[in-house]
2 protein chains.
Amino acid sequence: MADDESNVPKELSRSEWKVMGIVWSMQKAMAREVYTVAGEQFDWSPATVKTLLKRLVDKGYLKTTQVGNGFVYRPSRTAIASLRSAADTLLSNAIDGTTGPLLQHMVKSSSLTHDDLDELQQLIEAKKNALAKSAGNQKTGPNQKSNTQKRRGS
Amino acid sequence: MADDESNVPKELSRSEWKVMGIVWSMQKAMAREVYTVAGEQFDWSPATVKTLLKRLVDKGYLKTTQVGNGFVYRPSRTAIASLRSAADTLLSNAIDGTTGPLLQHMVKSSSLTHDDLDELQQLIEAKKNALAKSAGNQKTGPNQKSNTQKRRGS
DNA sequence: GCGGTTCGACTACATCTGTAGACGATGCAC
DNA sequence: GTGCATCGTCTACAGATGTAGTCGAACCGC
């Protein structure tokens, strides 16, 4: 079996994220359109964009359909799936008590819709309940403060 | 001007995060201790760890104090500060409506303490209020599906 | 003081990344 | 059908990264 579209896709590099950002936003794009946007936005030469498009195809993030003498590029992975992998990597770097503060920072600095906030709220409520329950049936004494200490007054 | 300790520190690479993870956990460490842990955990040769420690010192993430013929290494940036930069990078890759789902995924897949969840809850509540207020002066129907918030002309 | 152990510095080298030029193939306008 | 614009591929090359070997200096035990 060929692993040309591995189930464990390679991570994107900084520049590759930028190109994918453009293609994701446009859903599909001719090379020319990507050049134009990338040229304006990042001041890249078309040659640079060409290289990146090629690498993205090789990495399996873009698929192509021939049209005329060129391709239409379109994403083969969704933005959110890719972001999730990147998020997992980030989370895997968080040591002991840092995950909470990390997420707090992210929520703080993101612009979210009301709906987004609602969903988060529900998630958190659910997690709290789960926590409470698991703390309940595991009566290991009143002082299991968990590994992550509480850092008051930072 | 010398930028030996730039205010915009270089990002860490995958391997460098791992080494920093060890040092952050130990607060300070002799090379030997890092070798040992890294050897067990990642099956790296001591030479590899040495190289990474050096690079981390060069990048300004570790500072050293001479002790005997070696150094004590200790972090010069906190884990959380470093995570925050990485998080900002990640968020900067999120296009239009993906930030919400991204954060949802992260909250879902993280293990958080009750306190962490509380803080998040408060943050979210605050953000909702802020949103409501800014939406208040511009009447929006019940179906604001908007991905990017409506920010008043900055 | 001598020898083994360990340290940090330097060197090595393949791969990946950022950035771009050169070039042959192809399409479009006339 | 002939040029010119554009496409994708190949090549280039410097810097970053992953991974590790070599080596002189310094320490520790005797």
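A, B, ... follow the sequence lines: proteins, then strands. Residue 1 opens every chain.
In this structure, the side-chain contact (heavy atoms from CB on, under 4.5 Å) partners of Glu33(B), at least two apart in sequence or on a different chain, are Met26(B), Ala29(B), Met30(B). For the side-chain contact (heavy atoms from CB on, under 4.5 Å) test, residues two or more places apart in sequence or in another chain that qualify with Ala79(A) are Trp24(A), Ile95(B), Thr98(B). Residues satisfying the ring-ring contact (aromatic ring centres under 6.0 Å, His included) test with Phe71(A), not counting sequence neighbours, are Tyr73(A). Ala87(B) is linked by a side-chain contact (heavy atoms from CB on, under 4.5 Å) to Leu90(A), Leu102(A), His105(A), Met106(A), counting only residues two or more places apart in sequence or in another chain. Applying the salt bridge (Lys or Arg N to Asp or Glu O under 4.0 Å) rule to Asp88(A) yields no partners; only residues at least two apart in sequence or on another chain are considered. Looking at residues two or more places apart in sequence or on another chain, you find a side-chain contact (heavy atoms from CB on, under 4.5 Å) between Thr51(B) and Arg55(B).
In this structure, CG in Leu120(A) is found 4.5 Å from CD1 in Ile124(B), a value given to the nearest 0.5 Å.
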Legend entry - Under 4.0 Å protein heavy-atom contacts per nucleotide of nucleotides 7-18 of chain C, with B for base, S for backbone only and - for none: BBS--B---SBB
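Sorted by first and then second residue, the pairs that involve residues 8-18 of chain A and meet salt bridge (charged side-chain N to carboxylate O under 4.0 Å, His left out), not counting sequence neighbours, are Glu16(A)-Lys59(A).
The separation between Asp58(A) atom CG and dT9(D) atom C1' is 11 Å, rounded to whole Å.
Listed in residue order, the members of residues 18-29 of chain B having a heavy atom less than 4.0 Å from DNA chain C come to none.
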